[in-house]
Amino acid sequence: MNSKIVVGLAPSEKLAKRIAKRLRYEYMGMVINKFPDGELYIRFPKDVKGKRLIIIQSLVDPNEKIIELLFICNTAKELGVKSITLVAPYLSYMRADRRFHKGEVVSARILARVLNSCIDEIITIDPHLHRIKKLSEIFKIKSKKLTCTELMADYIKKTIKNSIVVGPDEESYQWANAVAKKIGTKAYVLKKQRKGSREVYVSTKGLELKNQNVVIVDDIVSTGHTMIETIKGVKKAKAKAISCICVHGLFVEDADKKILKSGANKIISCNTIPNKYSKIDVSSLIINEIKK
Ligand code: R5P
């Protein structure tokens, strides 16, 4: 009998079920309720002693999810599981990767330290690695970074003809450049200045995109301001059609509506975070890695 169990935690249950089905592993959902005061009640519905758990959970909207995950992983160990692999298609808290100002929390390192203590392996997709270059710099456990650039390039090739790729800032270079290479087109990487969470400036000086189909590629869309400022610049540069594509579509504060209103013709994201734009399925990427 297969000793592996796939555990799906919100918001990744659908993805987890698909992965379990395709791998022919048992699927298990957890019993999770909330007490009136907001504390969590969690129970394993099955005996997991001796099993290898593959927990699939995107850490979007992360604060409560991280507590949930820590409770589950620590309890799984107490109940005698053989190993825990966390598949976090979206790993949050990675952007604070350095103390930019005195006294700041470096969340990327702390989250990794906490996970190191209760899981055996982590698999994630396109984590925001910038000043921290590799997952192994912060994870002591086995870690694997997967990337959606191939899937994004395939999607663009199938749906948008003669496209040019634009990356909004130097941090988007790794995605914009890889996607452009795979499509066989050019990538323009712009310069961004961030003054606050909702205040960004993107410089598009000298950019000429007359009659081009532009695809703006980034890893994360959160408030959408990075995309919106890029769209403004790309419009000034006379682009014909504008598509916005990202790995992780957080779309907070109606970001999607604002992006469309600012002139994008379409938005596409991967299903690392499920939403109505998540047309690019990452399950095969995860399955291939688990099979290894
Ligand atoms: C940061 O460098 C990331 O790559 C994204 O550009 C950023 O997280 C997008 O945030 P927002 O949508 O809030 O501008």
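Ligands are counted one by one from 1 in listed order, and the atoms in each one are counted from 1 as well. All residue numbers refer to positions in the sequence shown, counting from 1.
Of the listed residues (Asp169, Ile228, Thr223), the one carrying the non-hydrogen atom nearest atom 11 (P) of ligand 1 is Thr223. Evaluated by nearest non-hydrogen atom to atom 7 (C) of ligand 1, the leading choice among Arg194, His248, His225 is Arg194.
By the criterion of a heavy-atom distance under 4.0 Å, the side chain of His128, and not its backbone, is placed next to ligand 1. Here Arg198 has no heavy atoms under 4.0 Å from ligand 1, in either its backbone or its side chain. Contact annotation for His130 and ligand 1: no heavy atom of the residue comes within less than 4.0 Å of the ligand. Neither the backbone nor the side chain of Leu250 has a heavy atom within less than 4.0 Å of ligand 1.
No option in Val215, Ile280, Ile268 other than Ile280 meets the side-chain contact (heavy atoms from CB on, under 4.5 Å) test with Met152.
Between Glu229 and Lys232 there is a salt bridge, since at least one side-chain N of the basic residue sits less than 4.0 Å from a carboxylate O of the acidic one. Under a 4.0 Å N-O distance rule, the pair Glu137/Lys134 does not qualify as a salt bridge. Using a 4.0 Å cut-off between a side-chain N of Lys or Arg and a carboxylate O of Asp or Glu, Arg52 and Asp120 do not qualify as a salt bridge.
At least one N/O-N/O distance between Gly224 and ligand 1 falls below 3.5 Å. Ligand 1 has a nitrogen or oxygen under 3.5 angstrom from a nitrogen or oxygen of Thr226.
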Between Ile72 and Leu70, is a side-chain contact (heavy atoms from CB on, under 4.5 Å) present by the stated rule, with each step listed? CA-CA 5 Å; Ile72 289 171; Leu70 296 182; over 6 Å; no
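Residues satisfying the salt bridge (Lys or Arg N to Asp or Glu O under 4.0 Å) criterion with Lys192, sequence neighbours excluded, are Asp169.
For atom 4 (O) of ligand 1, the nearest protein heavy atom (residue, atom name, distance) is Asp219 OD1, 2.6 Å.
Sorted by first then second residue, the ring-ring contact (aromatic ring centres under 6.0 Å, His included) pairs that include residues 235-270, not counting sequence neighbours, are Tyr90-His248, Phe251-Tyr277.
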